[in-house]
Each structure stands twice: as structure tokens, then as C-alpha cells.
Amino acid sequence: MRISAFHLTTQREVPADAEIVSHQLMLRTGMIRKLTSGIYTWTPLGLKVLRKVEQVVREEMDASGSLEMLMPSVQPAELWQESGRWDDFGPLLLKMADRAGREFAFGPTHEEVITEFARAEVRSYKQLPICFYQIQTKFRDEIRPRFGVMRAREFLMKDGYSFHVDEECLGRFYQVMFDTYTRIFERLGLEFKAVEADSGAIGGAVSHEFHVLADSGEDQIAHVPDGSFAANVERAEAVAVGERAEPTEKLRLVDTPDAKTIAELVEQFDVPIEKTVKTLVVEASRSSGQELIALLIRGDHELNAVKAEKHPDVASPLRMATEEEIRAVIDAGPGSLGPFRLTIPCIADRQVALMSDFVCGGNIDGKHYFGLNWVRDVAVPKTADLRSVVAGDPAPDGSGELALLRGIEVGHIFQLGRKYSEAMNAVVMDENGRAVHPAMGCYGIGVSRIVASAIEQNHDEAGILWPEPMAPFDVVLLPLNGHKSHRVRELAEKFYDQLRAAGLDVLMDDRNQRPGVMFADAELIGIPHQLVIGDRGLDKGIVEYRQRGGENQEIPINEAVEFLKQA
RNA sequence: CGGGGCGUAGCGCAGCCUGGUAGCGCAACUGCUUUGGGAGCAGUAGGUCGCAGGUUCAAAUCCUGCCGCCCCGACCA
């Protein structure tokens, strides 16, 4: 491609409303343009990258035996009502109506459509196992779209769905997909980690996420360095450490008028934060027969909402009680609550149940208990894993100490089981002639998000450093002052033809720009290999090879094409 | 959804407080010069000042409403 025939619109200035590096660089290189909040146009440059990612995904999915297809993006409401997700999916679902008033959703995912397809098409166990996939635009009406295509409302996703007669077959195929995903991210040249995950709104039991590691990642990962354990912090089990010590302090009620938070308590009363307990009041589940329930967490720990809302006594989704609701049942407000003489039920984090001589709110405004002890002063409540792990916690599998990393979720695989095949009554005949609901797996990759995450992980002051498999071009030719020098121009043209003939994706900077502009643009858009052709080098019989982010070297003219083929 | 901020040329911004000819830098276009790290000079083009209403002789500027975009929050006791 010649730049003169391309649409290259780089910008020197950083766009004001782009917060993270990938968003800034995607705008500065001109890869994307915002149409409206969370909705982007992919320009020819950006689309080249997107297509390269797509192609790697497609090749590996095909190699796994999965079959590509294309499902509609607009889906009838009935299908979603059948699965129960028309309401469950909530405001994330973009709904619309046709001229007759029939309701539709723009697909945020395709479990319903594929299940509808499978129940019509797949009748016999002999057709199983089978896995269909597509690469398609999805729409999720995110609460707050941000970071460009990283958390966009409209995005490109690869989604695959497999069907199996039994769980055992699903488990085997799940491993095939795990390996396929591993190969995809390896081939793309990304530093990533597969972690145990919560299955969230999609449903199902076993689930893994694939994260591109980057400091700007929105997810936290707990893992044992050089160990086998890795899990999303949402899910990583927090193991209680130690044993409960005998009481040594007397229980006393202390005036704490200015201590509404754990931080204030620690500062004003010189109490170690590990000796404090915070009491969070949340809505209780219907099945518990209660209105509110208190959750006890050690002062330096954080409540894990994903874990809490899975508890049978806690309402899902988790909702914190308002001050009015709390005051209606307890004689104190937030900031002065605790388990002693508490008028509502409570659940303690496992670690809290092992504490002794601790400090907590007094259930009287402006007062805290010091020296509180389980058993002696108050019965040990129900316990559960309610907190998020922190660095240094033991791994739940005993393999070592946990460290935390930040990641960008780019892939997620699930063993769904029969949630959709049962809800939508998809059945196949098994070898005994019985109708059974097939077990399903589902496998997603955020194709557009991969592009952004690759930039987050691979950039410098000058711009993007694309991993080669996803670079928009393999090599850029920079003929310096080509409009003045015939021999520079002619050599560049010769290289252009020869490199293209060798199967390389070549960009020729034929703009007659000053050298500084050409270098800056080549670096900004991150092309891995540059070949600089200038009179200065030609006098010495060489051209200059530059690897993006690497070393420069001089190459004899007649070896250049071969050199680039190898590089 | 709650809080905050911002809407002026493709991008980044000033002007608004104190009403009176709409400006700067980058980008774009033309010409000349320049040419190994985002050139110089001269010129050109580009604006419903987010939209609507109001106040006023006069509104980018003051008032009201609406719309859009961005940031923070929605784990806080």
C-alpha cells in the first residue's frame, strides 16, 4: 500500500477525552473515530489490525474443529423471554420495536439464537459433539462506556457454542477450547494469563478467563508466581489464617464521637487495623425471611460483592442498606455498627470468626466496643468467605502465597451445562433412544478489545509497538527525499515490488514528507520493520533497517529483501 | 442512576467574569524556499460559538430549559 493511496490521518496532539494510552494512540494513529459514546468507526488502518486479529482467531477455531457461521444481530424478544433473560439481562440489553410494535433486542450475546438453531438442526447424538462459532458485532448498553474500544457498547466478538450428549464430553471439549485460546493469545504475541473465573450473568459452573496483563487493566488477578493457581479476585477463595486466641482484654464501651470509619478509628485510638471489624448492612434474600442482614469483615479487608451475593441469605444483586433502613431496625447508623447486641442476623467472614480482643461499632451512635471476644461476649455467627483476597494470603490450593496482577479480560470460556437447552427445550436422541438436553459450552473472545489491550501492553513514547502478527503492515519503506533523488525512488519502488512479491504487507511512504515526519508516523503507527532508503546510505551501498523498539542496522542493498523476508 | 466538568474551525484551546467586528496553535489548501527526526515565509479556505426559548438597541458572553460528551462513584459504615 502506498500512503498516497491510503487514508492516513495521524495527529500529533493527544485527544482531550482519551484517558488511557491505547485509546489515545488509537485516536492519534487514526485507527478509530468516535461516532457517539461507546460507538466507534474503524478506519482502514484500524480495520487492518482488527482483521489480522480476527484471522488468527478464525484459523485456530477452525483448527479446533469448530464451524464458523453468522447469526443475526437483531433478535426477537420471544427468544429472550423463553430463556428468561429478557428481564434478567436488564438495561444492558438494547431493545427496539419494529413497525408493527414487535419487540427485538440487538444481540449482546447469542446463547438464545444458537440454542434455537440447534434445537431445529441437531436431533441425534450422532451429530454431537459440535461447536459453532461466529465473529460478529455485539451491542451491550454499558452503564458507563469508557476507554475507547476497551469498554465500548458496540464491539466485535468471537463467540462459540458447543453441544454435547454428556458432561464428560463437554469437559473434554472445554479443554480443547482452553488449549485453542492459549494458542490464539500465544500466536498474537500477547503476555496473558488464564484464570479461574466467576461465570456471572451467562451462567454455568466451570469457567476460565483469559487476561492480557497490563497495569491499566480493570480486573484484578490473584496468582501464585511460578505456581499453578490463578483466579480472578472476584472468585479467588480467601483462606482463613491462624487460630482464635484466648481473650486477654476486658470488654469496654468507648466514646468515639469522631470515628465514623475504620480509618478514623485506627488513627484516633491507635488500634491496629487488623483488630477492627467493619459491619456492612445489606439487603437480605427473600428466602432468609429477613429484611436486612449484616456482614462482618476485618477492617483492612474488602467485601467481595460477587461472593456475598452468592450466599443464600443475601439478596442478589447485592444492595447496601440505606441509613434510614438501618435506623429502622438498629438504634444506630452506619459507622457505629457491630455484632454485639445486634438486632439483625449477621454473617462473619471466616477470618473475622478467628479474631479476638477486637474493636467494632457499639450499635449506639458515637460508641465502639473494644476488647470484644467471640464465645465469651457474643456467640460466633454463621461464617462464610465474604472478602477479597489480598497479596500475601495463602493460595486456597496450598501452592504458595498469592500475588496480585492487573489484567484485561479478552477471553472467557464457560461450561454452561443445560441451562439454555432446558429453558428452551432443545433435545437430542441419545443412543438409547431417549430425548436428552445437550450439555453446552460457550466461548467468547473480545476481538476489538484485544486490539486495545495489545497497545496497552506494547507501546512507548513514540507510539505503538505492534506484536508482528497484528501489525497493520509488516514493513514500511521510507525513501528519504525520494522526490528529489531518482536512485532513492527507484530503489524504493524495486523493494516495494519485491517485498510484496515475497508475500509481505508493505507500506510505502511516498508522500514527499520531510524525514522527521516519516519517522514519526512510522513509529506512531507501530510498524515492526522499517527500511530507510536515503542518498547517504546509497553512497555507502547500504540501506538502513530499523526494528520498531529495537536496534538499527546497516544492510547491503542487495541483501535487504532477503533480510526482511527472514526478519 | 448520583456527583462533578465541558460543549467556540478536523484536533488542542483562548474569548464569557465586566454584552458591542469570533481569535490562537496544530492539521488542510496554494506558491516559493527547505529536506536524516513532526521546517520557514507569504497567502487561502474553514464557524448555525451544542439546541431551543428568554432578557437586551445588541448575546459565544447574562437567564431558563433541553441535548450531547468526558471524569468520578454506585464496596460505604
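Below, chain A is the first sequence line, B the second, and so on; all start at residue 1.
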Touch class at under 4.0 angstrom, heavy-atom based, for A:T9 against every strand present: nothing
Can you check the distance between B:rA58 and B:rA22, where both ends of the measurement are the C1' atom (answer in whole Å)? 16 Å
To the nearest 0.5 Å, tell me how far A:D313 CG sits from A:S287 OG. 6.5 Å
Can you tell me how far C1' in B:rG19 sits from the matching atom in B:rC24, rounded to whole Å? 22 Å
Closest heavy-atom pair, A:L93 versus A:F106, reported as atoms and distance to 0.1 Å, is CD1-O, 4.4 Å
Checking contacts here: which listed nucleotide (B:rC71, B:rA39, B:rG36) is nearest the side-chain heavy atoms of A:V517? B:rA39
Base paired to B:rA52 (Watson-Crick or G-U; both N/O distances under 3.5 angstrom): B:rU64
With heavy atoms under 4.0 Å as the rule, sort A:L318 into base, sugar-phosphate or nothing. nothing
Sort out the partner of B:rA77 for me: Watson-Crick or G-U wobble, both distances under 3.5 Å, none otherwise. none
Just call it for A:K34: base, sugar-phosphate, or nothing, with non-hydrogen atoms closer than 4.0 Å on any strand. sugar-phosphate
Let's test this: given Watson-Crick or G-U wobble pairing with both distances under 3.5 Å, identify the partner of B:rG46. none
Gap in Å between the two P atoms, one belonging to B:rG65 and one to B:rG23, rounded: 32 Å
Any base atoms under 4.0 Å from A:I143, or only sugar-phosphate, or nothing? Heavy atoms, all strands. base
For nucleotides B:rG53 and B:rC69, find the distance between their C1' atoms and express it as a whole number of Å. 23 Å
Within a strict 4.5 Å, meaning less than it, do heavy atoms of the A:L213 and A:K193 side chains meet? yes
Considering only the C1' atoms, how many Å lie between B:rC13 and B:rC49, rounded to the nearest integer? 14 Å
Identify whether any heavy atom of A:R33 sits under 4.0 Å from a base atom; if not, whether one sits that close to sugar-phosphate; answer base, sugar-phosphate or nothing. nothing
Whole angstrom is fine here: how far is it from CZ in A:R28 over to C1' in B:rG38? 10 Å
Provide the distance between the two P atoms, one in B:rU56 and one in B:rG46, to the nearest whole Å. 35 Å
Work out how far the P atom of B:rG4 is from that of B:rG15, and round it to whole angstrom. 23 Å
Across all strands shown, which nucleotide pairs with B:rG38 by Watson-Crick or G-U wobble geometry, both distances under 3.5 Å? none
Indicate, with a heavy-atom threshold strictly under 4.0 Å, whether A:A321 touches base, sugar-phosphate, or nothing. base
In whole Å, what separates the C1' atom of B:rA14 from that of B:rG2? 33 Å
Residue mapping more 5' on RNA chain B - nearest nucleotide basis, A:S336 or A:L480: A:L480
If you define the side chain from C-beta out and look only at heavy atoms, does anything of A:R489 sit under 4.5 Å from A:H486? yes
Using a 4.0 Å heavy-atom cut-off, does A:D521 contact any base of the nucleic acid, only the sugar-phosphate backbone, or nothing at all? base
Which nucleotide, B:rG36, B:rG73, B:rG38, lies nearest any side-chain atom of A:R12? B:rG38
Which is true for A:H483 with a 4.0 Å heavy-atom rule: it touches a base, it touches only sugar-phosphate, or it touches nothing? base
Under 4.0 angstrom between A:R514 side-chain N/O and B:rU34 OP1 or OP2: no
Using a 4.0 Å heavy-atom cut-off, does A:S37 contact any base of the nucleic acid, only the sugar-phosphate backbone, or nothing at all? sugar-phosphate
Side-chain contact test, heavy atoms from C-beta onward, threshold under 4.5 Å: evaluate it for A:M31 versus A:V149 and give yes or no. no
Give one of base, sugar-phosphate or nothing for A:E264, where a contact means two heavy atoms less than 4.0 Å apart. nothing
Closest listed nucleotide, where the reference is the side chain of A:L303 and the choices are B:rG38, B:rC75, B:rU35: B:rC75
For each nucleotide in nucleotides 3-15 of chain B, reading 5' to 3', give B when a protein heavy atom comes within less than 4.0 Å of its base, S when such contact involves only the sugar-phosphate, and - otherwise. --------BSS--
So, does A:T36 get its side chain near the phosphate of B:rC69, meaning an N or O under 4.0 Å from OP1 or OP2? yes
OP1 or OP2 of B:rC72 sitting under 4.0 Å from any side-chain N/O of A:R144? yes
What is the nucleic acid contact for A:G537, judged by heavy atoms within less than 4.0 Å: base, sugar-phosphate only, or nothing? base
Tested for side chain to side chain contact (heavy atoms under 4.5 Å, CB included) against A:I326, the lone hit among A:V281, A:I344, A:T279 is A:V281
Which nucleotide, if any, forms a Watson-Crick or G-U wobble pair with B:rC57, using both distances under 3.5 Å? B:rG20
Tested for salt bridge (Lys or Arg N to Asp or Glu O under 4.0 Å) against A:K367, the lone hit among A:D331, A:D258, A:D255 is A:D255
With respect to the side chain of A:K278, which nucleotide from B:rA77, B:rG38, B:rG36 is positioned closest? B:rA77
Taking A:F358 as the fixed residue, which of A:F370, A:Y369, A:F340, A:W374 is the one that meets the ring-ring contact (aromatic ring centres under 6.0 Å, His included) rule? A:W374
Residue mapping more 5' on RNA chain B - nearest nucleotide basis, A:A462 or A:S388: A:A462
Go through the steps for A:D349 and A:K307 under the test salt bridge (Lys or Arg N to Asp or Glu O under 4.0 Å), then give the verdict. CA-CA 11 Å; A:D349 178 67; A:K307 291 177 179 176; over 6 Å; no
Taking the side chain as every heavy atom from C-beta outward, state whether A:F473 and A:K48 have any pair of such atoms under 4.5 Å apart. yes
What does B:rG25 pair with, Watson-Crick or G-U, if both distances are under 3.5 Å? B:rC11
So what does A:E323 hit on the nucleic acid, given a heavy-atom distance under 4.0 Å: a base, only sugar-phosphate, or nothing? nothing
Starting from P on B:rC75, measure out to CD1 on A:I262 and report it in whole angstrom. 18 Å
